Amino acid sequence: MSQQRSISIFGATGSIGQSTLDLVRRNRDQWRVVALTAHQDAAGLAALAREFEAKIAVIGDSARDADLDTALSGTNIGRASGEAALVEVARMGADFTMAAIVGCAGLAPTMAALEGGKTVALANKESLVSAGELMMAAAARSGATLLPVDSEHNAIFQCLSGGRIEDVRRIILTASGGPFRCHSLDDMRKVTPEQAVAHPNWSMGAKISIDSATMMNKGLELIEAHHLFPVGHDAIEIIVHPQSVIHSLVEYRDRSTLAQLGSPDMRIPIASTLAWPVRMETPCAPLDLATIGRLDFEAPDPVRFPALRLTRQAIEEGGARPAQLNAANEIAVAAFLQKRIAFLDIAAIVEAVLDSYRPHTPKELADIYAADEEARRIAAQMVERKAA
Ligand code: NAD
Ligand code: MG
């Protein structure tokens, strides 16, 4: 990486955004920061934009427009706000875009970045879940390089380098099982958001932490893998591996199985995208197998974790089903975080939304948004009923 490259980070104030900036900070001479974005934290965004001498800072929530302006006063850093600005800035076309907004809110900017034909590192799994076919088609049209950041998909991507997708027999996604892996259904009824966000191995944003606790995260990752690695969803399996040391595995037709291992630190997969196709130094802990001692595996429990069944059904039915599932889940997770519904209500609401209507087959992004909006509306009604 001798030549300086330009980088934009969508969701710069989040867990993935901060980890990305940590690596950029250690290699300042190699990167020129174009755009940094955040949803509402104007002060946090402005601090990062000043530190990294960003060309432009974008706040997603227009109501924070003035806050950003004040926080950036005295600098010549450009500023913009609102959803349309996120897309406009994504079109500015940095050499490398980190798509790390959480939720379907990241879809439009990620799509715009992919259309630019440069390198896009994708953490924002919800966008791929909702609009996987359209996103993969956009990348193919523009010639963009799509590099998966999600640790499992990054592991699979690494295990596939040097192999051919047509020689793959099976992909095995590992799952930690989350904080409630050993809880009974009865215990799961009473868990609080504080208990649910306390992931045993990873430190992450609130939404993905709740998704890990319900195992919806692994379901979303199944859909994500189905789009990124076209082997057919029947050839993608999930195994619970509580230590989160093996990040995923690829079995080839000769029954040789490759795995990628590493400490549970997202800077490792992020670094592999920043440096791709070569490698860079990271400050991450090396893998200490003697201390780890043993690696355990178990089959996931479909009764306590219905999200796995719901996501598999959504892939089979295809179309806008995954978008509908994702939107219902986003509403239910937000309601659980606000203590308006119970933990087990999350999957129940997602299932009820899927049962409530069948969305039209999507042809363009507008159809995805229509399915997304309808699912959000119905899920919100269900939340109101449960919260009442
Ligand atoms: P986070 O909540 O820590 O950060 C989210 C970022 O997105 C913040 O910068 C926030 O300001 C921004 N944002 C939130 N809502 C927005 C909106 N409506 N419009 C514009 N910006 C918005 O989340 P995170 O843990 O960093 O996760 C980001 C994405 O990466 C998610 O899709 C998650 O599933 C995925 N991911 C995260 C991890 C992890 O370890 N954190 C691992 C794998 C995948
Ligand atoms: Mg993951």
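The structure presented is a predicted model; accordingly, all values stated were derived computationally and were not measured.
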K.L.:
Does Arg32 pair with Glu53 as a salt bridge, N-O distance under 4.0 Å?
P.N.:
no
K.L.:
Verify side chain to side chain donor-acceptor pair (under 3.5 Å) between Asp372 and Ser130, making sure each step is shown before the conclusion.
P.N.:
CA-CA 8 Å; Asp372 176 280; Ser130 298; 4.9 Å; no
K.L.:
Is Arg91 salt-bridged to Glu88, cutoff N-O under 4.0 Å?
P.N.:
no
K.L.:
What I'd like to find out is whether the side chain of Leu36 reaches to under 4.5 Å of the side chain of Leu21, using heavy atoms alone.
P.N.:
yes
K.L.:
If you round to the nearest 0.5 Å, how far is CG of Leu146 from CG of Leu128?
P.N.:
7.0 Å
K.L.:
Just how far is it from atom CZ of Arg79 to atom CG of Asp67, taken to the nearest 0.5 Å?
P.N.:
12.5 Å
K.L.:
Would you say Cys284 and Arg267 make side-chain contact, with heavy atoms under 4.5 Å?
P.N.:
yes
K.L.:
Test side chain to side chain contact (heavy atoms under 4.5 Å, CB included) on Ile210 and Ile346; report intermediate values, then the result.
P.N.:
CA-CA 10 Å; Ile210 303 300; Ile346 300 173; 3.7 Å; yes
K.L.:
Do Lys207 and Glu330 sit within salt-bridge range, that is, some charged N less than 4.0 Å from a carboxylate O?
P.N.:
no
K.L.:
Under a 3.5 Å threshold, yes or no: a donor from one side chain and an acceptor from the other, between Asn217 and Glu221?
P.N.:
yes
K.L.:
Are more than 12 heavy atoms from other residues, nucleotides or ligands located less than 6.0 Å from atom CD of Glu83?
P.N.:
no
K.L.:
Between Lys218 and Glu152, is there a side-chain N and carboxylate O pair less than 4.0 Å apart?
P.N.:
yes
K.L.:
For Tyr252, which residues count as a ring pair (Phe, Tyr, Trp, His ring centres under 6.0 Å) partner, sequence neighbours excluded?
P.N.:
none
K.L.:
Between Ile77 and Val33, is there a shared hydrophobic cluster once you connect ILVMFWY residues whose side-chain heavy atoms come closer than 4.5 Å?
P.N.:
yes
K.L.:
Would you compute the distance between atom OG1 of Thr110 and atom CE of Met135 and round it to the nearest 0.5 angstrom?
P.N.:
5.5 Å
K.L.:
Return the minimal non-hydrogen interatomic distance between Gly44 and Thr13, and the atom names on each side.
P.N.:
C-CG2, 4.0 Å
K.L.:
Taking atom OG1 of Thr257 and atom CD1 of Ile171, what is their separation to the nearest 0.5 Å?
P.N.:
12.0 Å
K.L.:
Between the side chains of Arg304 and His183, is a donor N or O closer than 3.5 angstrom to an acceptor N or O?
P.N.:
no
K.L.:
For residues Gln260 and Phe157, determine if any side-chain heavy atom of one lies less than 4.5 Å from a side-chain heavy atom of the other.
P.N.:
no
K.L.:
What heavy-atom pair brings Pro148 and Asn154 nearest, and what distance separates the two atoms?
P.N.:
O-ND2, 2.9 Å
K.L.:
What is the ring orientation for Phe229 with His153, classed by angle as parallel under 30°, tilted 30 to 60°, or perpendicular over 60°?
P.N.:
parallel
K.L.:
Using the ring of each side chain (for Trp, its six-membered ring), is His241 parallel, tilted or perpendicular to Phe297, with breaks at 30° and 60°?
P.N.:
parallel
K.L.:
Using side-chain contact (heavy atoms from CB on, under 4.5 Å) as the criterion, point out the one residue from Arg385, Glu384, Lys386 that pairs with Met382.
P.N.:
Arg385
K.L.:
Between Glu126 and Asn326, do the side chains contain an N or O donor and an N or O acceptor separated by less than 3.5 Å?
P.N.:
no
K.L.:
Show the nearest heavy-atom pair for residues Arg321 and Tyr357, with the distance to one decimal.
P.N.:
NH1-O, 3.1 Å
K.L.:
Could you tell me if the side chain of Glu194 sits less than 4.5 Å from the side chain of Lys339, heavy atoms only?
P.N.:
yes
K.L.:
So, for Asn201 and Ser176, which heavy atoms are closest and what is the spacing to 0.1 Å?
P.N.:
ND2-CB, 3.8 Å
K.L.:
Cluster question for you: counting only ILVMFWY and a side-chain heavy-atom cut-off of under 4.5 Å, with indirect links fine, are Met204 and Met98 together?
P.N.:
yes
K.L.:
Within the 4.5 Å heavy-atom criterion, are Val149 and Met266 side-chain neighbours or not?
P.N.:
yes
K.L.:
Can you tell me how far the CZ atom of Arg312 sits from the CD1 atom of Ile315, to the nearest 0.5 Å?
P.N.:
6.5 Å
K.L.:
If you count every heavy atom of other residues, nucleotides or ligands that lies below 6.0 Å from Asp254 atom CG, does the total exceed 12?
P.N.:
yes
K.L.:
Considering all heavy atoms of both residues, which atom of His247 and which atom of Gly262 are nearest to each other, and what is their separation?
P.N.:
NE2-O, 2.9 Å
K.L.:
Compare every heavy atom of Gly177 with every heavy atom of Phe305, then report the nearest pair and how far apart it is.
P.N.:
CZ-O, 4.2 Å
K.L.:
With heavy-atom distances below 4.5 Å as the criterion, would you say the side chains of Arg169 and Arg255 are in contact?
P.N.:
yes
K.L.:
With side chain to side chain contact (heavy atoms under 4.5 Å, CB included) as the test, would you mind laying out the steps for Ile270 and Thr282 before giving the verdict?
P.N.:
CA-CA 10 Å; Ile270 293 169; Thr282 72; over 6 Å; no
K.L.:
With rounding to the nearest 0.5 angstrom, report the OG to CD1 distance, Ser272 to Ile268.
P.N.:
9.5 Å
K.L.:
Considering only NZ, NE, NH1 and NH2 on the basic side and carboxylate oxygens on the acidic side, decide whether Arg376 and Glu373 come within less than 4.0 Å.
P.N.:
no
